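Report on the structure given below.
Naming: A, B, ... by sequence-line order, numbering from 1 per chain. Because the structure is predicted, anything quoted here is derived from the model rather than measured.
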Protein chains: 2
Amino acid sequence: MKRNELPATPEENSRRMELVRAAARLFRDQGYERTTVRDLGNAVGLQSGSLFYHFRTKEEILVAVMALGITATTEQLASALAGAKDTRSKLATLFRVHLHSLLGDNQAALEVMLYEWRSVSAAAKPGLIVLRDRYEALWQQVLDQAASEGLVKQDTRLLRRTLLGSLHWTVQWYRNDGELSVAQLAERMLALVIQEN
Amino acid sequence: MKRNELPATPEENSRRMELVRAAARLFRDQGYERTTVRDLGNAVGLQSGSLFYHFRTKEEILVAVMALGITATTEQLASALAGAKDTRSKLATLFRVHLHSLLGDNQAALEVMLYEWRSVSAAAKPGLIVLRDRYEALWQQVLDQAASEGLVKQDTRLLRRTLLGSLHWTVQWYRNDGELSVAQLAERMLALVIQEN
DNA sequence: GTCTATATATCGATAGAC
DNA sequence: GTCTATCGATATATAGAC
């Protein structure tokens with residue numbers, strides 16, 4: 001039988017949350033379309049049919065993964081920015097938090113958000129776009145402030161898009177077992193855009 | 001019946017080429033997994049079964065699309081670089097050719113190469129990686145020369161990766177009907193990395 | 001809540017006529 | 001070379017027992 005009471009926040013249903021985290025890894029590693037509901041069931045010790053007590057459709061799981069990825073990153077960034085003293089260190093925080101979220105061990109969810117967007121139905125996109133815009137607004141504020149202090153170039157809207165593109169792309173080539181730590185990578189990427197005087 | 005003689009270059013079989021171009025658009029718009037062989041047949045006026053006279057598998061079509069996208073772009077870049085006088089204009093050429101190839105009307109193939117990589121079998125990857133490395137080598141040469149002349153920062157290997165990431169990401173937000181032409185966008189993105197003296 | 005069992009649909013690919 | 005016809009596998013989702 002089915003109950004499926006709706007927009008429960010992720011935290012209040014641990015079974016849901018466990019499923020979302022497992023789905024994030026599977027979707028990242030295999031892709032959304034190639035991951036079957038049987039795969040998802042196996043990953044949490046359930047039969048495939050049992051998943052549909054918790055989610056109405058497979059796509060609803062995808063949307064939950066993406067929402068988790070972007071909201072978790074936004075929260076981490078907001079609280080890290082609050083603790084940064086000057087603009088230069090706020091700038092460094094943007095890079096550091098983004099890369100730790102994207103390349104860190106438990107954050108497949110954000111990667112799914114970036115690379116499975118096409119599998120999201122038109123109905124679900126607006127809600128996710130709101131979450132994404134909230135994240136990018138944090139970036140825009142810091143970049144505008146940095147530009148006013150001469151730390152970066154003035155074209156901050158385009159700068160935001162190019163920087164986020166650069167960071168997103170790291171998942172395609174960065175290796176955790178390489179010679180470069182995530183923190184070092186963040187520092188070097190920052191150095192590429194800072195204006196020296 | 002099936003013949004399927006092998007590595008014919010794309011040009012010498014126009015039916016193959018027509019199919020690859022149609023597949024590029026479909027794979028870009030719907031994704032590889034969501035595009036069925038029936039979709040592909042419809043796009044070129046064939047029954048789905050007839051496709052398998054030209055290609056052994058659906059994946060073989062994907063690989064052909066990617067190979068076309070990256071080799072066409074590499075050729076365009078190489079010939080454009082040959083006509084550039086100084087390093088500054090070579091640098092501009094990198095951005096201009098890449099964006100025209102990625103955002104231009106007839107170049108869905110390159111976008112498929114960037115965003116359907118996970119659907120390529122392990123057996124087919126090495127051949128495509130060779131093609132990609134050839135393209136990136138052109139970038140590396142120009143960036144190294146530019147760094148030696150003080151036009152860009154010195155960390156050119158990381159710079160190459162961040163710039164390509166920025167450019168790849170444009171497909172996610174650039175609109176052809178917007179206020180910014182592709183050439184203007186290339187110019188402004190270049191301006192963000194040029195070192196002023 | 002999770003199970004078993006299955007409905008229903010659709011997929012990639014093949015076989016043989018023409 | 002393209003067609004018709006279809007095989008066999010596998011997909012998401014549902015129904016009802018427990």
Side-chain angles (χ1 to χ4, degrees), chain A residues 1-6 8 10-23 26-27 29-65 112 116 118-124, chain B residues 1-6 8 10-24 26-27 29-66 112 116 118-124:
Chain A
M1 278 299 95
K2 177 129 13 148
R3 207 127 26 105
N4 208 335
E5 36 253 31
L6 294 199
E11 300 85 352
E12 77 186 45
N13 186 333
S14 77
R15 199 69 162 129
R16 255 181 87 100
M17 196 56 172
E18 182 191 359
L19 223 159
V20 169
R21 290 202 179 283
L26 286 169
F27 290 163
D29 294 341
Q30 314 179 349
Y32 170 72
E33 296 285 350
R34 299 174 96 95
T35 301
T36 70
V37 292
R38 288 169 182 81
D39 293 334
L40 294 170
N42 282 341
V44 294
L46 284 182
Q47 293 300 312
S48 64
S50 306
L51 298 177
F52 295 92
Y53 173 84
H54 300 281
F55 294 91
R56 269 182 304 241
T57 65
K58 182 186 166 190
E59 196 221 350
E60 200 172 281
I61 304 179
L62 176 64
V63 173
V65 168
V112 173
E116 295 291 347
R118 195 172 25 204
S119 295
V120 178
S121 70
Chain B
M1 276 300 93
K2 178 135 4 153
R3 207 125 27 104
N4 209 332
E5 37 252 32
L6 293 197
E11 300 85 351
E12 75 184 50
N13 187 331
S14 77
R15 199 68 161 132
R16 256 181 88 101
M17 195 58 172
E18 182 192 357
L19 223 161
V20 169
R21 292 203 179 283
L26 286 169
F27 290 164
D29 295 341
Q30 314 178 349
Y32 170 73
E33 296 286 350
R34 299 173 95 95
T35 300
T36 69
V37 292
R38 287 165 182 80
D39 293 334
L40 293 170
N42 283 340
V44 294
L46 284 182
Q47 294 299 313
S48 66
S50 306
L51 297 177
F52 293 92
Y53 174 83
H54 301 280
F55 293 91
R56 269 182 304 240
T57 65
K58 182 186 167 191
E59 195 221 352
E60 200 172 279
I61 304 179
L62 175 65
V63 173
V65 167
M66 292 184 174
V112 173
E116 295 290 349
R118 195 170 26 201
S119 295
V120 178
S121 70

Nearest 0.5 Å please: distance from the CD atom of A:E116 over to the OG1 atom of A:T35.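 Those atoms lie 8.0 Å apart.
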
CD on B:E59 to CD1 on B:I61, rounded to 0.5 Å: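 Atom-to-atom, B:I61:CD1 and B:E59:CD are 10.5 Å apart.
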
Closest non-hydrogen atom pair between [X] and [Y], with its separation:
X	Y	value
B:Y32	B:L62	CE1-CB, 3.6 Å
B:R15	B:V44	NH1-O, 3.6 Å
B:L19	B:F55	CD1-CE1, 4.1 Å

For [X] and [N], what is the distance between atoms [atom1] and [atom2] respectively, to the nearest whole Å?
X	N	atom1	atom2	result
A:K58	D:dT10	NZ	C1'	12 Å
B:E18	D:dG1	CD	C1'	13 Å
B:R34	D:dT12	CZ	C1'	12 Å
B:Q47	C:dG12	CD	P	15 Å
A:L51	C:dT2	CG	C1'	11 Å
B:H54	C:dA13	NE2	P	15 Å
B:E33	D:dT10	CD	P	14 Å
A:L19	C:dT2	CG	C1'	13 Å

Counting the atoms with a prime plus P, OP1 and OP2 as sugar-phosphate, which does B:R38 contact under 4.0 Å by heavy atoms, base, sugar-phosphate, or nothing?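 Answer is base: heavy atoms of B:R38 come under 4.0 Å of a base.
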
For A:D39, is there any backbone N or O sitting under 3.5 Å from a side-chain donor or acceptor partner on A:N42?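 Checking the backbone N and O of A:D39 against the side chain of A:N42, no donor-acceptor pair under 3.5 Å is found.
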
May I ask you to evaluate whether [X] reaches the phosphate of [N], defined as a side-chain N or O under 4.0 Å from OP1 or OP2?
X	N	answer
A:R56	D:dT14	no
B:S50	D:dG1	no
B:Y53	D:dT2	no

From C-beta outward on A:T36, which listed nucleotide comes closest to its side chain: D:dT2, D:dA11, D:dA13?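 For the A:T36 side chain, the nearest candidate turns out to be D:dA11.
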
Counting heavy atoms from C-beta on, name the nucleotide in D:dG1, C:dA13, D:dT12 closest to the side chain of B:F52.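 Between D:dG1, C:dA13, D:dT12, the one nearest the side chain of B:F52 would be C:dA13.
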
Carboxylate-amine/guanidinium proximity below 4.0 Å for A:R118 and B:E33: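 Looking at A:R118 and B:E33, the cut-off is not met.
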
Which residues within residues 39-46 of chain B lie with some heavy atom under 4.0 Å of an atom in DNA chain C?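 Close to the strand, none.
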
